[in-house]
Amino acid sequence: MSVVHENGVIRLVGRCAADDAETLLNLLVDETDATIDASDVSKLHLAVAQLLLACAPRIRNLPADPMLAQLFGRRSAER
Amino acid sequence: MDELLAQFFVEGRDLVQRATADLGLLAQTPGDGSALDSAFRAVHTLKGSVAVFGLVPAEDLLHTAEDILDRARSGQIPFDGRAIHRLQRAIDRVDAWIDNLEATTALPRDAGSVAAAHIGELRELAPQLGDATAAGEGAGSDGRSATEREAGDATWAAEWFAAESARLLEAPKTLTVFRYRPDRDCFFRGEDPLALALAVPELILLRALPSESAWPELGDFEPFQCVTRLEGASGASADAVRAAFRLAPGQVEIHRIDRDEAQAPAPGARRARETILRVEASRVDRLADGLGELIVAVNGLARLSGELAKSDPARGAELRAIHGQLEQVSNRLQRDIGAVRSVPLAHALRRLPRLVREIAETLGKTVDFRLRGESLEVDKRIADVLFEPLLHLVRNAIDHGAEQPEDRVAAGKEPACRITLQFERAGDRILVRLSDDGRGIDAAAVRDTAVKRGLIGREAAEALSEAEAVRMIFLPGFSTAGAVTSTSGRGVGMDAVQAAVEELRGTVDIASALGTGTTVELGLPVNALTTRLLVVEAGGHRYGIALDQIAETVRIDASEIALAGSGEACVLRDRTVPVVSLSALLGGDRAQGGVARLIVTEASGERVAIRVDALGERIDAVVRPATGLLGSLTAVAGSTLLGDGKILLIVDLAELLA
Amino acid sequence: MIKLLLVDDSPLMRRLLAEIFAQAGDFEVEVARSAEEALAALETFRPNVITLDIHMPGMDGLACLDRIMVLRPTPVVMVSALTADGADETLEALALGAVDFIPKPRGALSLEIEHLAGLLVDKVRQAASARLSRTARLRERVRARAEAAGAFAPAAQPSRRARSRAGDPAPLPEGAHVVLVGCSTGGPPALDELLGSLPSGFPWPIVIAQHMPASFTGPLARRLDRLCALDVVEVDQILPLEAGRAYIGRGDADLIVSRPGGASSVMPAPSDPAVFWHPSVDRLVTSALKHLPADRLVGVLMTGMGADGASAMGELRARGGHTIAEDETTAVVWGMPGALVAAGGASSVRPLGEIGGELVALAGL
């Protein structure tokens with residue numbers, strides 16, 4: 001399981017493949033208050049990444065990988 | 001597998017032959033349904049055969065050809081000569097590829113781009129074809145060109161770098177930036193653009209932006225459609241970055257940029273975004289040279305078909321038809337290469353408005369300079385050569401034309417002299433008109449100067465009309481200004497302008513009204529590559545004459561030529577026209593014979609008939625400028641190579657009669 | 001030995017196909033260069049299976065197929081170009097009685113051919129033992145002819161997309177079920193029959209995974225839409241599920257049920273490389289089980305090679321849903337439904353002609 005929902009936090013873990021985009025989208029729509037923890041992501045498919053980018057303010061923890069974090073860093077800071 | 005290939009060589013050529021025969025039938029009997037069906041099937045089967053061997057460019061090309069034939073069958077598109085011609089070209093191409101395959105076991109390296117060109121040409125026949133031709137699941141059949149697109153500028157990177165300066169502290173001074181726009185369906189092909197971008201060597205910056213103006217609302221999100229574009233900067237070479245994106249051809253722009261320069265973009269220096277392919281000009285010139293030689297060869301065919309027709313009219317006609325086809329193709333090529341060489345005038349003239357301001361300031365004049373029609377595209381050679389003469393003309397207009405502001409006001413004009421440089425296309429010529437509302441040219445002063453400088457006798461000068469007098473400013477060594485000023489240069493007058501324009505086979509004219517202004521008009525060919533020539537015979541030699549110097553050719557009885565004064569003349573269209581013999585002008589004997597063949601030309605507004613021994617064919621030729629020994633001969637504009645290998649001298653009638 | 005007749009006007013293609021089948025070992029191959037030669041060989045060679053090219057000089061492949069079905073009904077596999085035009089012709093051929101189709105072999109100089117050859121041999125071998133129902137063929141032929149004569153000309157309609165996007169979609173009625181259909185070889189004509197037997201007021205959406213290449217599912221959806229009372233659409237984007245509509249999964253991709261924002265929808269998804277057939281029936285059913293209660297799902301598994309769908313539909317039944325397997329007597333290839341029946345996953349087993357009736361009864365019409 002690479003997309004986990006627990007205690008109001010959507011956690012992305014390990015390798016997130018394209019398929020996870022559908023799961024993540026459903027969670028994001030259903031749990032409008034949930035924040036996102038991407039710190040344990042090791043690999044992120046663009047299908048998942050673009051969903052995260054579209055709701056960047058909800059990201060609580062950026063991916064540990066610096067280049068992946070860079071994708072989100074500026075957007076979060078802008079808001 | 002060798003047996004299979006051997007089978008293919010036999011069958012493939014057979015199908016090519018069948019399709020060719022069917023197209024031939026269709027050319028004779030348009031709308032022959034069974035020929036159309038047969039051609040369709042031949043192309044369809046051939047497509048299947050080339051696919052067996054994975055010859056993707058051939059398959060793509062034949063797929064498009066099949067589509068065209070299918071649409072023609074159902075009457076969706078007109079099946080005219082143009083369609084037949086282009087289909088035949090496509091079939092011929094595949095035929096050549098089959099030969100190539102047999103000789104080298106592979107298609108030529110440029111097969112992809114060649115196929116793309118043919119496909120483009122075929123698609124023009126059915127504009128609604130669009131992308132529907134993608135050949136199923138085959139590789140390379142997704143309609144994307146293998147040519148990498150490169151956008152004209154990367155100013156977007158500059159602002160970004162400014163914001164990211166902290167991350168760039170350690171980065172090399174020159175970076176490779178890329179902008180990657182994956183298509184919407186890429187996830188369905190198993191692609192992950194982000195993984196691809198992260199694999200770029202020496203990646204320093206990476207950002208993801210919505211491909212449209214903003215990210216979609218979650219409620220509208222299609223989770224498996226890509227709505228992102230990726231932009232990044234790398235310390236690696238452009239080639240290394242390009243290699244990282246080899247699986248996403250056509251979706252990535254790559255630029256090398258210098259950070260320091262990029263970070264200080266001049267305002268207004270942003271060029272309009274345009275997709276361009278950078279090609280060295282010399283390569284295009286080589287292409288043009290090659291084309292020139294092709295045209296020579298094709299012209300050789302015209303002569304041969306004429307000769308053949310005498311002994312064998314049927315074969316002669318056949319050869320003439322082929323010649324016609326070749327001529328059509330080379331004309332098209334010439335247009336296409338011309339288009340490649342075309343550049344907007346605006347580009348060559350971009351310094352002009354600034355120079356006008358500087359010149360006006362130096363001379364204490366106030367000028368209102370306007371450019372019109374500068375978006376017109378012309379051959380690069382013309383654009384390059386045109387700048388100097390235009391600058392010279394504009395200088396003259398400011399220096400000699402524009403009055404001091406107070407004088408203008410006193411004369412009831414606006415204080416600023418209005419100078420307009422206008423470009424206009426008229427058929428295959430470009431009209432350049434430079435007009436000012438300055439003081440105009442005083443014909444009397446021109447006469448005085450011309451006489452004073454010994455360019456013309458007083459009597460002859462007084463006999464000239466006002467317009468003719470004004471034209472004398474183009475005479476070598478003429479200058480109307482009392483003093484040689486710094487801006488108009490020393491010793492270079494309007495004659496230099498005229499020489500430059502004539503080198504481009506252009507014309508110059510001037511009209512001026514004292515007190516109200518001057519207009520100089522240049523006429524230039526759009527296409528500087530080839531010249532249409534009439535081949536004539538005189539004194540046992542053949543010469544070429546540019547068709548645009550010829551008003552008409554006539555054949556009259558020699559008895560109609562009468563002695564008039566020291567020369568000869570005849571009556572053409574109720575006007576007496578002097579007749580001169582070309583061979584006599586060139587130092588030979590006067591033309592003889594019962595029938596006189598005349599070329600009528602206009603020399604300085606006068607009609608003159610030039611008698612030649614024979615009128616030959618009309619050819620398109622690349623005229624090489626006269627150099628070396630030829631250059632020292634007057635009246636020789638240059639030379640060209642004929643189809644039979646002989647050199648044809650091009651006679652410049654204007655110079656000859658001067 | 002399976003007696004195979006290869007019909008193709010291209011010597012190259014005949015040679016290539018003959019080589020492929022000769023290597024398989026269990027085929028006795030004869031070739032025909034034209035439709036006329038093929039018809040003559042029907043009696044002299046008496047093939048078990050025929051591969052037929054569509055474009056041939058003289059009598060074309062479709063006409064030849066029609067004659068074969070009258071003279072000596074034999075399983076026919078069409079050799080098709082995987083293009084949009086090829087799709088229409090091929091669907092036409094399937095309606096006329098062809099069992100299956102294979103792509104024209106390509107990439108003979110590469111490894112691609114190895115992969116393709118295996119697929120071709122499997123398909124043709126399966127087709128050789130396929131069942132042909134003579135009466136059904138007759139009916140289809142009559143209709144195909146009527147259609148060709150313009151009797152079923154498609155009416156001008158606004159695009160589906162425009163309709164489905166305009167205004168609020170008709171919400172799924174309270175307690176409505178979703179019908180999930182899986183099929184492969186022999187599927188297109190079977191879908192034609194199944195959907196044709198449902199009334200336009202059928203209250204449930206029908207989601208269909210028919211194994212096919214990408215270029216074929218659009219033409220298939222358009223064709224079914226023309227022939228059936230129900231609306232039939234290809235799923236090329238997220239579409240909300242609506243009563244009385246049939247959804248054909250886009251080829252070469254998978255088809256999944258989802259509920260973004262609470263509205264049951266279907267959408268195409270990148271195909272799972274771990275399985276060979278797409279759209280995957282197993283994946284469709286599994287995704288539906290994730291978002292909808294099993295007792296509101298009805299699984300229908302029809303003709304096709306292999307076993308795709310058997311495992312997920314078995315799960316569907318185990319969780320309280322209803323499943324219908326097509327009976328061996330009507331399935332062109334009783335692979336997928338057979339696997340479901342063997343695993344004990346079928347609530348009922350029905351001949352093709354009765355499946356529609358059972359759905360109507362389940363819906364309480």
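Predicted model, so just to flag it, every value in this text is computed and none were measured.
Using a 4.5 Å cut-off between heavy atoms, Leu51(A) touches chain B through backbone and side chain atoms alike. Heavy atoms of Phe224(B) lying under 4.5 Å from chain A belong exclusively to its side chain. Contact of Leu205(B) with chain A is made through backbone and side chain together, with heavy-atom distances under 4.5 Å. Contacts of Leu218(B) with chain A are made by both backbone and side-chain atoms, with heavy-atom separations under 4.5 Å.
Using non-hydrogen atoms only and a strict 4.5 Å limit, the part of residues 37-47 of chain A facing chain B consists of Lys43(A), Leu44(A), His45(A), Leu46(A), Ala47(A).
The shortest distance between side-chain heavy atoms of Arg179(B) and His255(B) does not fall below 4.5 Å. Residues Phe72(A) and Pro63(A) form a side-chain contact, since some pair of their non-hydrogen atoms from C-beta on lies under 4.5 Å apart.
Summarising the local packing, CD of Glu6(A) is surrounded by more than 12 heavy atoms from other residues, nucleotides or ligands at distances under 6.0 Å. The local environment of CZ in Arg15(A) is sparse, with at most 12 non-hydrogen atoms from other residues, nucleotides or ligands closer than 6.0 Å.
In this structure, a donor-acceptor pair under 3.5 Å is absent between the side chains of Thr35(A) and Arg58(A).
Residues Asp183(B) and Arg189(B) are paired through a salt bridge, judged by an N-O separation under 4.0 Å between the basic side chain and the carboxylate.
Taking all atoms of both residues into account, the shortest heavy-atom contact from Cys55(A) to Ile36(A) is SG-CD1, 4.0 Å.
In this structure, Asp65(A) contributes its side chain and Met67(A) its backbone to a donor-acceptor pair below 3.5 Å.
Of the listed residues (Leu198(B), Ile204(B), Leu230(B)), the one with the most heavy-atom contacts under 4.5 Å to chain A is Ile204(B).
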